[in-house]
Amino acid sequence: MRQRTLGSSGLSVSAIGLGCMGMSVCYGPRDEDAAVETIRHALDTGVTLLDTADAYGDGHNEELVGRAVKGRRHEAVIATKFGIRSLSGGPAGGPLIDSTPAYARQACDASLSRLGVDHIDLYYLHRRNPDVPVEDTMGALAELVQAGKVRHIGLSEVSADTLRRAHAVHPVTALQSEYSLWERELEDEILPAARELGIGIVPYAPVGRGFLTGALTSLDQLADDDYRRNDPRFQGDHLARNLALVETVRATAARIGCTPVQLALAWLLSQGEDIVPIPGTKRIAYLTENTQAAGVSLPEPERRALQEAISRHAVSGARYAEPAMRLLNT
Ligand SMILES: NC(=O)c1ccc[n+]([C@@H]2O[C@H](COP(=O)([O-])OP(=O)(O)OC[C@H]3O[C@@H](n4cnc5c(N)ncnc54)[C@H](OP(=O)(O)O)[C@@H]3O)[C@@H](O)[C@H]2O)c1
């Protein structure tokens, strides 16, 4: 697996990482042993960047990652996150976001303990509470770096202005935000700001929460508790319109000889050397398909035609339901 470097402070990671969230929440039935096998297979095949968060299953996902890397800590680059204190204890029954320095310290210790490690390679603020100055949060994170508990700092779904303010306190290594063929809002202001500052980009939901596989055509295919049942882009008319777009992905993939998922990942990788997508899967077969995308070459005319066809304006529906939308770009 090729390596890429995140940020000017130089965190070397596999060009494609592994998103572990679905092993605990969101995308249907789960199997802990199979998930651990998938993570270990990722390490076996040179995928080093493992993405988790304290919020995924109330710590369950971090424990799972900890179990998988036991005895192999040096092979993994562990990225985890804090800041979502509860999913329903906040305003209007939405998430409770806590980015105070005291909570950063408390959450870091709890994550280290669940992961069973003595340091976190990349520690993200998952969501920001705009009432807490980002300078204060970064100050606490910088102290965690000094204490040796954290190696690199990241932010998730913040605005260009917040990125600049944060980076002025301590170098930010990575911005993790949603970015894919069907979610490109980042390109207007945030991506240019990250590039100007030398901050790496870690696109989450890079295969559109499974949509860009082309296989998901109806909510009836999903388990009752699947997150996508409440995702606007998967609902009714939005889904119907978006399915027309995915046909373009399918057709382009067929022309260049890869699968739709591989095309979605190859497109992201072609957007710049500073981009490291973290497709999420529970399964070794999908992991293998996804990592092979690093070897797919996407001819420039196909790349341009594809991104023009799937422009932001053509995609139907918001990318989150309210109130989660209000937590973005803070
Ligand atoms: N910072 C944030 O706020 C934030 C938000 C969301 C996610 N994340 C992180 O980003 C990671 C990736 O995002 P995501 O998991 O939400 O979305 P994603 O990677 O776009 O899609 C995951 C879904 O696609 C399916 N899938 C993956 N590869 C496939 C393949 N080759 N063929 C068929 N289906 C495939 C998975 O199936 P299976 O589950 O059946 O394997 C899962 O249902 C997460 O795991 C998490 O670590 C971060």
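Heavy atoms only: backbone and side chains are in, while hydrogens, waters and symmetry mates are out. Because the structure is predicted, anything quoted here is derived from the model rather than measured. Whatever order the structure lists ligands and atoms in, that order sets their numbers, starting from 1.
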From OG (S111) to OH (Y123), nearest 0.5 Å:
4.5 Å
What about R127: any of its N or O atoms under 3.5 Å from an N or O on ligand 1?
yes
Tell me: protein heavy atom nearest atom 43 (O) of ligand 1, and distance?
R228 NH1, 3.4 Å
So for Y124 against ligand 1, with non-hydrogen atoms under 4.0 Å, the contacting part is neither
Decide whether Y179 and L155 are clustered together by the hydrophobic rule: side chain heavy atoms of Ile, Leu, Val, Met, Phe, Trp, Tyr closer than 4.5 Å, transitively.
yes
Could you state the interatomic distance from CG (D44) to OG1 (T38), rounded to the nearest 0.5 Å?
11.0 Å
Does atom CG of D31 have more than 12 heavy-atom neighbours, drawn from other residues, nucleotides or ligands, at distances under 6.0 Å?
yes
Please state which protein non-hydrogen atom is closest to atom 8 (N) of ligand 1 and give its distance, to 0.1 Å?
Y56 OH, 3.3 Å
Taking side-chain contact (heavy atoms from CB on, under 4.5 Å) as the definition, give me every residue that meets it alongside D226, ordered by chain and number, with sequence neighbours left out.
Y27, L222, R228
For S316 and N242, indicate whether the former's side chain and the latter's backbone hold a donor-acceptor pair under 3.5 Å.
no
Counting only heavy atoms closer than 4.0 Å, does ligand 1 sit against the backbone of C20, its side chain, both, or neither?
backbone
Of all protein heavy atoms, the one nearest atom 7 (C) of ligand 1 is Y204 CD1, 3.6 Å
Any heavy atom of E289 sitting closer than 4.0 Å to ligand 1?
yes
Measure from atom 45 (O) of ligand 1 to every heavy atom in G19, P203, G17 and give the option owning the shortest one.
G19
If you count heavy atoms of other groups shown closer than 6.0 angstrom to CD of E189, is the number above 12?
no
So is there a nitrogen or oxygen of T213 less than 3.5 Å from a nitrogen or oxygen in ligand 1?
no
C108 side, atom SG; L144 side, atom CG - distance, nearest 0.5 Å:
4.5 Å
Would you check if the side chain of R233 reaches a backbone N or O of G317 as a donor-acceptor pair within less than 3.5 Å?
yes
Go through ligand 1 atom by atom and flag the ones less than 4.0 Å from a non-hydrogen atom of V261.
30 (C), 31 (N)
Minimum-distance protein heavy atom relative to atom 13 (O) of ligand 1
A205 N, 3.0 Å
Among all the protein's non-hydrogen atoms, which is closest to atom 14 (P) of ligand 1, and how far away is it?
Y27 OH, 3.6 Å
So is V207 polar-close to ligand 1, meaning N/O to N/O under 3.5 Å?
yes
Residue-level breakdown please: for L212 versus ligand 1, do any non-hydrogen atoms fall below 4.0 Å on the side chain, on the backbone, on both, or on neither?
neither
Looking at NZ of K81 and OG of S156, how far apart are the two atoms once the value is rounded to the nearest 0.5 Å?
6.5 Å
N/O separation below 3.5 Å, M21 to ligand 1:
yes
Geometric class of the F82/Y103 ring pair [parallel <30°, tilted 30-60°, perpendicular >60°]
tilted
Within a reach of under 6.0 Å around CZ of R151, are more than 12 heavy atoms found that belong to other residues, nucleotides or ligands?
no
Among all protein heavy atoms, pick the one closest to atom 35 (C) of ligand 1 and tell me residue, atom and distance.
Y286 CD1, 3.4 Å
Under 3.5 Å: N/O of T281 near N/O of ligand 1:
yes
Hey, is ligand 1 close enough to G22 that some N/O pair sits below 3.5 Å?
no
Give the residue, atom name and distance (to 0.1 Å) of the protein heavy atom nearest atom 11 (C) of ligand 1.
I278 O, 3.3 Å
N or O pair under 3.5 Å between Y320 and ligand 1
no
Note: ligand 1 atoms sitting under 4.0 Å from heavy atoms of K81 are 1 (N)
Atom 27 (C) of ligand 1: which of G210, G280, A285, G208 has the nearest heavy atom?
G280
Worked verdict on T52 versus N61 for side chain to side chain donor-acceptor pair (under 3.5 Å)
CA-CA 6 Å; T52 179; N61 201 241; 2.8 Å; yes
In ligand 1, which numbered atoms sit nearer than 4.0 Å to a non-hydrogen atom of Q176?
1 (N), 2 (C), 4 (C), 8 (N), 9 (C), 48 (C)
Between D121 and R73 (salt bridge meaning N to carboxylate O under 4.0 Å), is one present in this structure?
yes
Return yes if some donor-acceptor pair links the side-chain N/O of R30 with the main-chain N/O of S24 below 3.5 Å, else return no.
yes
Atom 9 (C) of ligand 1 has as its nearest protein heavy atom D51 OD2, 3.5 Å
Test your reading of the structure: does S156 have an N or O sitting under 3.5 Å from an N or O of ligand 1?
yes
Record the part of H126 in heavy-atom contact with ligand 1 below 4.0 Å; permitted values are side chain, backbone, both and neither.
side chain
Residue P279 vicinity, atoms of ligand 1 by number, heavy atom under 4.0 Å
19 (O)
Got a second to check how far L239's CG is from S218's OG, nearest 0.5 Å?
7.5 Å
